[in-house]
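Each remark here refers to the structure printed beneath this line.
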Amino acid sequence: MNASAIELRHVTHALGNAGVAFSFSRETGSVTAVLGPSGAGKSTLLNLIAGFLAPDQGQVFVNGRDVTALPPAGRGVSMVFQDNNLFAHLDIRTNIALGLDPALRLGRAENAVIEAAMERVGLAGFGRRKPGTLSGGERQRVALARAFARRKPLLLLDEPFDGLGPGLAAEMLSLMLEIRAEVGATVLMVTHEPAEARAAADRVLFVDRGRIAADAPLAGFFERSDIPALRHYLGSGAPD
Amino acid sequence: MLTPAEHRAARLGGWFGIGLLAAAIGIPVAALLAGSTGAGFGVDPYLLRITRFTLLQAGLSTALSIALAIPLARALARHPALPGRSLLLRLFAIPLGLPPLVAALGLIVVWGRQGIVNAGLLRLGVDQPVSIYGLSGILMAHVFFNLPLATRLMLMGLERLPAEYWKNAAILGMTRANVFRLIEWPAIAQLAGGAAGLVFMLCVTSFTLVLVLGGGPAATTLEVAIYQALRFDFDPPRAVLLALVQIALTSAVLIALRVLKSPAEEAPQLGLSPARPDVAPGLPALADRVLILASALFVIAPLAATLVAGLRADLVRILTDALLWRAILTSLAVAAAAAATSTMLALLLVRARHSVAESQTAFAGRILSWLAGIAGSLVLLAPPVVMGAGWFLLLSGATRALALPLMIIVLINAMMALPFVIRVIEPAHRTAMSRNGRLCLSLGVTGINRLRRVDLPALARPLATAFAFAMALSLGDLGAVALFGGDRIVTLPWLLLQKMGSYRTADAAGIALILAVLCMGLMALSDRTGAGREAARP
């Protein structure tokens, strides 16, 4: 059997007087929605995988390789944040190019990849524009284009379509899924929209108080009544 | 929102403030211009040499301060969790409020001929001592004052960048050099220009540090030369010529500053420092720490030396000296009067500007607004010693008088503090107006009642901040009192200068500590009551 695309083995990290402890693994090509109340540790989970935080104990594996001691750039990860994915003073083209070579040494091949990436997200011809002249949705497209150009095995999304409005968010979500399929990446997506999870994910990680309270298939997840924290999280709108 | 009567009052007040300002600057400058008729404008080698040295020391001081501040701000931004970092940043705010004379004394204790550093060097067998006097001393003192200022300005620029930038830099694998070229430098570059202009302005008009550490014809600036021409050589025509050159210089710098845009405009406090996942441990990170440590030592050593030397002095004897108490009382009275004048004037100007901005107005209103707006910069044109020189010439028949020179010192100190005071009051006034304006109109609370019950209470804290800051500035100032001080007018800085001049080193150290404690106390008060000093810097 193939190694998991991502695995956390007994990873712990102390945060103030609370702490987190995560153990789980995912198959290549899967899309996982990470849900949970705010402050539960969802972003901490992504930060541990990306390498922004070092675990106190445990290991992180990407495609079977122990990356615990590696810096973020060595882990095979692309990440899209809710905001500020682009350097505001650099044009769109340069922002994407940084994903290919952080020193911006670009040959013909790289330039072709950049053009293709902009084309792929529907922003051909935007290369010379600054992020400030783009709409919020367009800026997130550029971030997706950069992830597309990088073709890293792991794509981490931290509430990337928050604040875009439901229609635009749905559109971006399907663009993300297409790109994931073309790249063959494994996706972990933090969201607080159950609708986004339903539309995109095949599994759910429900995080509560620094622990994985549930790790289950999407099908039927929101109807479950055996996880008290989930019912509390979904509120009165949750089916009994 | 103001009623028509309140608008009229605000504008009348504004014109009154501008009138006072025009008199305070215009009269001494006119006196200088009137005095210049006798002076030759030919190429005087003395004048040329002094002007060249003024520019040279200001240029070198600026270059050194900025060149060191860039890597230092960068190192501090790269290590947000460094132990003692926030304490260091608070210490970096101290030189801003420290009287230059006190700092000079602290620097002499550390770097002087009998100082700590040279004693250490001598023991190591180095017989060429570091000199605190002359150009090297002036540069050291200017870096001591301006490196912390420039560092804080640029650090704020770096910390304003979103945390995601650094996360992205880490994920994309950008090296230290690439992070600098593509992220840090673009953020610092605009600030560096503004900070350089500001530092250059401060150094071109620096008086006290050059007076104490420079001296001698080889290391004299325009400001010090004006003082010497009036106080020692009694050569008014030369003083006039020097003062006019100084005004021309500051005007040029001021115009350049307008172009570069001053950096602290609406600058926020140093706040949360974002984590830096792009910074890997290793040799460069170690170099950052070494740089931070060295800079910390450079800034802290003179402060600590001032404290230690002051405590070692015979404070009991110093504190029972009647002359010291006279100096303390005079200083406090002058400082309080200057702070009150400055705050009042700022309030008048700010309110007039607000009144004009709020309603469509005729030509006169726009002129008023423009004048009130540039008032803060206008006072920078004529630094204290230059204004003092003008008044000195006017008073030449009556230097033994007491009331008039004291009033002049108060006025000059008030002008000196005005730009800072306006910077504290204006944003607070704007906020208070937008919050309370409609409510006051709808409740019918207007006129003097509104001023008493709503506007002034709402501004109490910023006014207190501005007042304490202006008082601290005035308390530490030597420029104005240098020309008028004597047997009859003795302020703390003046007394300190006398003790230093007569080599009463221990007494000087004690008085320096007392002066420093007073100024630091006022600064702490100013910090506590208000938005802090960042807003107060030009």
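So you know, we letter chains A, B, ... as the sequences are listed, proteins then strands, and number each from 1. All values reported here derive from a predicted model rather than from experimental measurement.
Within 6.0 Å of CZ on B/Arg181 lie more than 12 heavy atoms contributed by other residues, nucleotides or ligands.
With a 4.5 Å cut-off on non-hydrogen atoms, A/Phe81 touches chain B through its side chain but not through its backbone. Contacts of A/Leu86 with chain B are made by backbone atoms alone, with heavy-atom separations under 4.5 Å and no side-chain atom involved. Contacts of B/Ala280 with chain A are absent, with no heavy-atom separation under 4.5 Å from either backbone or side chain. Using a 4.5 Å cut-off between heavy atoms, B/Leu182 contacts chain A through both its backbone and its side chain. For chain B, the nearby part of A/Leu90 is the side chain; its heavy atoms alone come within less than 4.5 Å. Only the side chain of A/Arg150 comes within less than 4.5 Å of a heavy atom of chain B; its backbone N, CA, C and O stay farther away. With a 4.5 angstrom heavy-atom cutoff, A/Asp101 does not touch chain B via any of its atoms.
The candidate from B/Asn168, B/Asp278, B/Ile171, B/Val179 with the greatest count of non-hydrogen atom pairs under 4.5 Å with chain A is B/Ile171. Of all the listed residues (B/Pro162, B/Ala169, B/Ala170), the one sharing the greatest number of non-hydrogen pairs under 4.5 Å with chain A is B/Ala170.
Neither side chain, A/Thr44 nor A/Asn47, offers a donor N or O lying under 3.5 Å from an acceptor on the other. Using modelled atom types, one finds a donor on one side chain and an acceptor on the other under 3.5 Å when comparing A/Gln140 with A/Asn85.
The existence of a salt bridge linking A/Asp66 and A/Arg9 is excluded, since no basic side-chain nitrogen approaches an acidic carboxylate oxygen closer than 4.0 Å. Between B/Arg78 and B/Glu159 there is no salt bridge, since none of the side-chain N atoms of the basic residue sits less than 4.0 Å from a carboxylate O of the acidic one.
For the pair A/Arg129 and A/Phe126, the distance from NZ or CZ to the six-membered ring centre is under 6.0 Å and the angle to the ring normal is within 45 degrees.
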Q: Tell me, with the steps shown, if B/Asn178 and B/Thr175 meet side-chain hydrogen bond (donor to acceptor under 3.5 Å, both in side chains).
A: CA-CA 5 Å; B/Asn178 284 326; B/Thr175 60; 3.1 Å; yes

